[in-house]
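Each chain gets a letter, A, B and so on, in the order the sequences are listed, and its residues count up from 1.
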There are 2 protein chains.
Amino acid sequence: MASKNMSDIIEAYLKQLLKRSALVEVQRIELARKFDVVPSQINYVLRTRFKPEQGYLVTTKRGDGGYLKIQSGPDQQKIQDLVDKMNQLSDELSWPECQILLRWLRQTGWVSKREVRLLETCLEALGSDRTAKQQRAHLMRQTLKQLSFDLEREDEE
Amino acid sequence: MASKNMSDIIEAYLKQLLKRSALVEVQRIELARKFDVVPSQINYVLRTRFKPEQGYLVTTKRGDGGYLKIQSGPDQQKIQDLVDKMNQLSDELSWPECQILLRWLRQTGWVSKREVRLLETCLEALGSDRTAKQQRAHLMRQTLKQLSFDLEREDEE
DNA sequence: GTGATAATGGTCAAGAAAGGTCAAATTTAT
DNA sequence: ATAAATTTGACCTTTCTTGACCATTATCAC
């Protein structure tokens, strides 16, 4: 098929690797050497063929031992699920309903354990009928408390 | 695959030891010899991979019988700073004051960029005078929106 | 005690080994 | 023929490695 230019060939090569492993790590120099192109062409391929809006995430490291990492990123289906959940949300939510939602967010990997705790803190701070300024103070205070608590028990993720 | 350079390997070695014992004590010279690098590279690894803001505490002793001690986990001083900030908090906070506080949380490494956005979302949802149930719904809705937005532009950290 | 010496660890700057950027030159498509 | 896409190369930034020189601590000889 019409893969006449090098950029297309390199793109195809990387995307084939991505089908197998969801995370591809290569060295720019190695890749350039393999296809006998100049290193900066690799950047061109990444810029034009692996754009974030097409669902790819590229991270790099410079210096000795540097690399390129390519992940096939945000799953369109996942985003659609999230949007669906948003639209299903009614105008009022009880605390148990919130907890169910938070569990879903955690289980589907949208947020970390730590972020769940942060959000719980925020939600709990909402209960009263104080003014906005007072609520902010209360919220920040609870959040700070939560943060130091997080640090003490080093659960992680 | 990821550990192409010595610094990464030494980092991994030390962090593995840390998982078991929470306090690692080694001699710089010994470690350097073990991995066949110059001693000062050990300092480099400690400086770049075991920063205090990442939750590590390194203490050393020079001279005969010298050592390096590496501790991970809750930095007592950091927690004290946080508690101090908490106590300074007044009962009312304007939005600009909140933003200053959030900047401090970010700069001192307590929270990530993503978490700042999450908290901002929560705080902004506080403005109204609706009931708690309504506020929860609004808060969750804003949070979900923020999450999908976060994913689309994969800033990171 | 005091001073020399040996045994550690610390600092800093230069060089090496990646990857990044940008624009000119070339090729391809309309 | 022009516009868009690709290819190349000169120059830049970040990260790692090394080595020369500095600082601190313990021990031993006196």
Quiz item: Between A:Val38 and A:Thr48, which has a closest nucleotide on DNA chain D that is more 5'?
Solution: A:Thr48
Quiz item: If only atom types and distance count, is the side chain of A:Glu97 paired as donor or acceptor with the main-chain N or O of A:Ser94 below 3.5 Å?
Solution: yes
Quiz item: In whole angstrom, what separates B:Ile42's CD1 from C:dT11's P?
Solution: 15 Å
Quiz prompt | Atom-to-atom span, OH of A:Tyr67 to P of D:dT14 - whole angstrom | solution = 16 Å
Quiz item: Any side-chain heavy-atom pair from A:Ile70 and A:Leu17 closer than 4.5 angstrom?
Solution: no
Quiz item: Rounded to the nearest Å, what distance is computed from the CG atom of residue A:Asn5 to the P atom of nucleotide C:dA25?
Solution: 21 Å
Practice problem: Measure the distance from CE on B:Met6 to C1' on C:dA18 and round it to the nearest whole Å. | Solution: 17 Å
Quiz prompt | Distance-only donor-acceptor test (3.5 Å): side chain A:Arg62, base D:dT13 | solution = yes
Quiz item: Between the main-chain N or O of A:Ser112 and the side-chain N or O of A:Glu115, is there a donor-acceptor pair closer than 3.5 Å?
Solution: yes
Self-check item: Whole-Å gap separating P (C:dA23) and CG (A:Asn43)
Solution: 15 Å
Exercise. Give A:Arg47 one of three labels, base, sugar-phosphate or nothing, depending on what nucleic acid heavy atoms sit under 4.0 Å from its own.
Key: nothing
Exercise. Scan B:Tyr44 against the nucleic acid and name what it touches under 4.0 Å (heavy atoms): base, sugar-phosphate only, or nothing.
Key: base
Quiz item: Between A:Ser7 and D:dT7, does any side-chain N or O lie under 4.0 Å from OP1 or OP2?
Solution: yes
Exercise. Identify which nucleotide among D:dG19, D:dT6, D:dT15 has an atom closest to any side-chain atom of A:Asp8, counting heavy atoms from C-beta outward.
Key: D:dT6
Quiz item: Rounded to whole angstroms, how far apart are CZ on B:Arg49 and C1' on D:dT14?
Solution: 12 Å
Quiz prompt | Charged N-O contact under 4.0 Å between B:Lys4 and A:Asp64 | solution = no
Self-check item: Candidates A:Leu46, A:Asn5, A:Val37 - the one meeting side-chain contact (heavy atoms from CB on, under 4.5 Å) with A:Ile10
Solution: A:Val37
Practice problem: Salt-bridge test for B:Glu120 and B:Arg117: reply yes if a basic N is under 4.0 Å from a carboxylate O, no otherwise. | Solution: no
Quiz prompt | d(CZ, A:Arg28; P, D:dG9) in whole Å | solution = 13 Å
Quiz item: Side chain of B:Ser40, base of D:dG19: donor and acceptor closer than 3.5 Å?
Solution: yes
Exercise. Between D:dT7, C:dG10, C:dA18, spot the one nearest the side chain of A:Gln41, thanks.
Key: D:dT7
Is there any protein nitrogen or oxygen under 3.5 Å from a nitrogen or oxygen in nucleotides 26-28 of chain D, and what are the pairs?
| unit_1 | atom_1 | unit_2 | atom_2 | d |
| --- | --- | --- | --- | --- |
| D:dA26 | OP1 | B:Lys61 | NZ | 3.2 |

Practice problem: State, with a plain yes or no, whether a side-chain heavy atom of A:Leu101 is found less than 4.5 Å away from one of A:Lys85. | Solution: yes
Self-check item: Spacing between B:Phe35 atom CZ and D:dT17 atom C1', to the nearest angstrom
Solution: 16 Å
